[in-house]
Participant: 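Sharing a structure, written as structure tokens. Questions coming.
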Amino acid sequence: SNDFSQRRIEQFFSRSVSGFKAPAGISVMPYCGCPHWAISRAVVGLPRVGPWDVAEDDLPFSLLSSDVPPEQEGHFIVEVHPAVAAWLWCKVDRPLKASWRYKTEKQVRLEMWEIVRTKLPGEARTREPKNDDEFDALVAYGLGVCWLKRDATVGLLGNRAAGAFLVPASAALSRAYARFGEGDARPPIPPLQ
């Protein structure tokens, strides 16, 4: 069972049946296998994974998991997957057989950046990432700024129970994700209270 290792959102981007399987070089690992998962748990207490976790009201940030940015003031957090977002932005403009290994191939990163930068808001667009970490940070920042400004080019795909990422908005992506969810015979995992 994947219940304790891979959320529905990661399954969607990892399986051919979704129509949106990320290519080699765009890693979509099960959440518990990612090093940043442990860091996120230690720093902000997310993701919550069981009944013994601290109550949501006691966390430093409120997790956003619906496709509407918050109206009120507060401390919020939203999940991003910069590699997936960059791939979604670039996949139409890059050759079908192109390498996607931007983390290890500088030329791939430069090619992807030339496409991605046109999608980002002003200050992120003018930066030149020196490495893959800066690339990811600029993509994540751009996604967040666009979403908070209610720019229709970015949306939140998924939900609290299945996991959710900010991604480039696409009707085809949303439809495919809805179909993928319908194919799951298991009931969704209810949000932790």
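In this text the structure is predicted, and so the values were computed from the model without any measurement.
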Participant: Taking atom CG of Asn159 and atom CZ of Arg7, what is their separation to the nearest 0.5 Å?
Facilitator: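 These two atoms lie 10.5 Å from each other.
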Participant: Is there a path from Leu46 to Leu156 through hydrophobic residues (I, L, V, M, F, W, Y) whose side chains come within less than 4.5 Å of each other?
Facilitator: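 Each belongs to a different hydrophobic cluster.
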Participant: Among all residues two or more places apart in sequence or in another chain, which pass the salt bridge (charged side-chain N to carboxylate O under 4.0 Å, His left out) test with Glu128?
Facilitator: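 By the salt bridge (charged side-chain N to carboxylate O under 4.0 Å, His left out) rule, Glu128 matches Arg117.
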Participant: Identify whether Tyr141 and Ile77 are in the same connected component of the hydrophobic contact network (ILVMFWY, side-chain heavy atoms under 4.5 Å).
Facilitator: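 No, because Tyr141 and Ile77 fall into different hydrophobic clusters, even though each may have its own neighbours under 4.5 Å.
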Participant: For the CG atom of Leu143 and the CG atom of Leu138, what is their distance to the nearest 0.5 Å?
Facilitator: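 Rounded to the nearest 0.5 Å, the CG-CG separation comes out at 11.0 Å.
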Participant: Within the distance-only criterion (no hydrogens, no angle test), does the side chain of Arg8 pair as donor or acceptor with the backbone N or O of Phe180 below 3.5 angstrom?
Facilitator: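 Yes; at least one donor-acceptor contact below 3.5 Å.
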Participant: Write down the atom of Leu148, the atom of Pro70, and the distance for their closest heavy-atom approach.
Facilitator: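 Nearest heavy atoms, Leu148 then Pro70: CD2-CD, 4.4 Å.
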Participant: Return the CZ to CH2 distance between Arg109 and Trp100, rounded to the nearest 0.5 Å.
Facilitator: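 These two atoms lie 15.0 Å from each other.
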Participant: Please examine the side chains of Ser62 and Glu56, heavy atoms only from C-beta on, and report whether any two atoms are closer than 4.5 Å.
Facilitator: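 Not in contact.
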Participant: Among Val68, Asp67, Val80, Thr153, find the residue that satisfies the side-chain contact (heavy atoms from CB on, under 4.5 Å) test when tested with Trp147.
Facilitator: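 Checked Val68, Asp67, Val80, Thr153 against Trp147; only one passes side-chain contact (heavy atoms from CB on, under 4.5 Å): Asp67.
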Participant: Can you tell me how far apart NE2 (His81) and CD1 (Ile26) are? Round to the nearest 0.5 Å.
Facilitator: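 Here the interatomic distance stands at 8.5 Å.
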Participant: Is it the case that more than 12 heavy atoms not belonging to Gln72 sit under 6.0 Å from its CD atom?
Facilitator: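 Counting other residues, nucleotides and ligands, CD of Gln72 exceeds 12 neighbours.
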Participant: Determine the minimum heavy-atom distance between Met112 and Trp87, stating which atoms define it.
Facilitator: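 Taking every non-hydrogen atom into account, CE-N, 4.2 Å.
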Participant: Can you name the salt bridge (charged side-chain N to carboxylate O under 4.0 Å, His left out) partners of Arg41, sequence neighbours left out?
Facilitator: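 Testing Arg41 for salt bridge (charged side-chain N to carboxylate O under 4.0 Å, His left out), a comparison that skips the adjacent residues, returns Asp53.
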Participant: Taking C-beta and beyond as the side chain, do Leu59 and Val44 meet within less than 4.5 Å on heavy atoms?
Facilitator: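 No, every pair of side-chain atoms sits at 4.5 Å or beyond.
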Participant: Is the shortest side-chain heavy-atom distance between Leu157 and Phe13 below 4.5 Å?
Facilitator: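 Answer yes - side chains close enough.
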Participant: Output side-chain donor-acceptor pairs under 3.5 Å for residues 162-175, partner residues at least two apart or in another chain, one line each.
Facilitator:
unit_1 : atom_1 : unit_2 : atom_2 : d
Ser170 : OG     : Ala172 : N      : 3.3
Ser170 : OG     : Leu173 : N      : 3.0
Ser174 : OG     : Ser170 : O      : 3.2

Participant: Would you say the side chain of Ile9 lies within less than 4.5 Å of the side chain of Glu79, judging by non-hydrogen atoms?
Facilitator: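 Glu79 vs Ile9: side chains apart.
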Participant: Is there a chain of hydrophobic side chains (I, L, V, M, F, W, Y, each step under 4.5 Å between heavy atoms) that links Phe76 to Val154?
Facilitator: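 Phe76 clusters together with Val154.
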Participant: Can you name the closest pair of heavy atoms from Pro121 and Gly142 and give their distance?
Facilitator: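 Shortest heavy-atom contact: CD-CA, 3.8 Å.
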Participant: What pair of heavy atoms forms the shortest contact from Lys21 to Ser16, and how long is it?
Facilitator: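 Nearest heavy atoms, Lys21 then Ser16: CD-OG, 3.3 Å.
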Participant: Would you mind reporting whether Lys91 and Phe20 have side-chain heavy atoms less than 4.5 Å apart?
Facilitator: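 Phe20 vs Lys91: side chains touch.
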Participant: State, to 0.1 Å, how close Gln6 and Ser14 come at their nearest heavy-atom pair, and which atoms those are.
Facilitator: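 Between these two residues, the closest heavy atoms are NE2-OG, 3.6 Å.
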Participant: State yes or no: do Val84 and Val17 share one hydrophobic cluster built from I, L, V, M, F, W and Y residues joined by side-chain heavy-atom distances below 4.5 Å, directly or via other members?
Facilitator: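 Same cluster: Val84 reaches Val17 through Ile, Leu, Val, Met, Phe, Trp or Tyr contacts under 4.5 Å.
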Participant: When you compare the side chain of Val43 with that of Phe61, does any pair of heavy atoms fall below 4.5 Å?
Facilitator: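 No, their side chains stay 4.5 Å or more apart.
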Participant: Examine distances only and state if a side-chain atom of Ser40 and a backbone atom of Trp37 form a donor-acceptor pair shorter than 3.5 Å.
Facilitator: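 Not at all, since once roles are kept as given, no pair shorter than 3.5 Å links the two residues.
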Participant: Under a 4.5 Å cut-off applied to non-hydrogen side-chain atoms, are Val116 and Cys90 in contact?
Facilitator: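 Side chain of Val116 against side chain of Cys90, heavy atoms only: contact under 4.5 Å found.
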Participant: When you look at CZ of Arg94, are more than 12 heavy atoms from neighbouring residues, nucleotides or ligands closer to it than 6.0 Å?
Facilitator: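 Yes.
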Participant: For Lys103 and Asp132, work out which heavy atoms get closest and say how close.
Facilitator: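 What the structure gives for the nearest pair is NZ-OD2, 3.5 Å.
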Participant: Could you state whether Tyr102 and Val92 fall into the same hydrophobic cluster, counting links through intermediate Ile, Leu, Val, Met, Phe, Trp or Tyr residues with side-chain heavy atoms under 4.5 angstrom apart?
Facilitator: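 As far as the 4.5 Å side-chain criterion goes, Val92 and Tyr102 are not connected within one cluster.
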Participant: Quick one: does Glu134's side chain have a donor or acceptor within less than 3.5 Å of a partner on Asn131's backbone?
Facilitator: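 A pair under 3.5 Å: no.
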Participant: Within the distance-only criterion (no hydrogens, no angle test), does the side chain of Glu105 pair as donor or acceptor with the backbone N or O of Arg101 below 3.5 angstrom?
Facilitator: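 Looks like no, no N/O pair under 3.5 Å.
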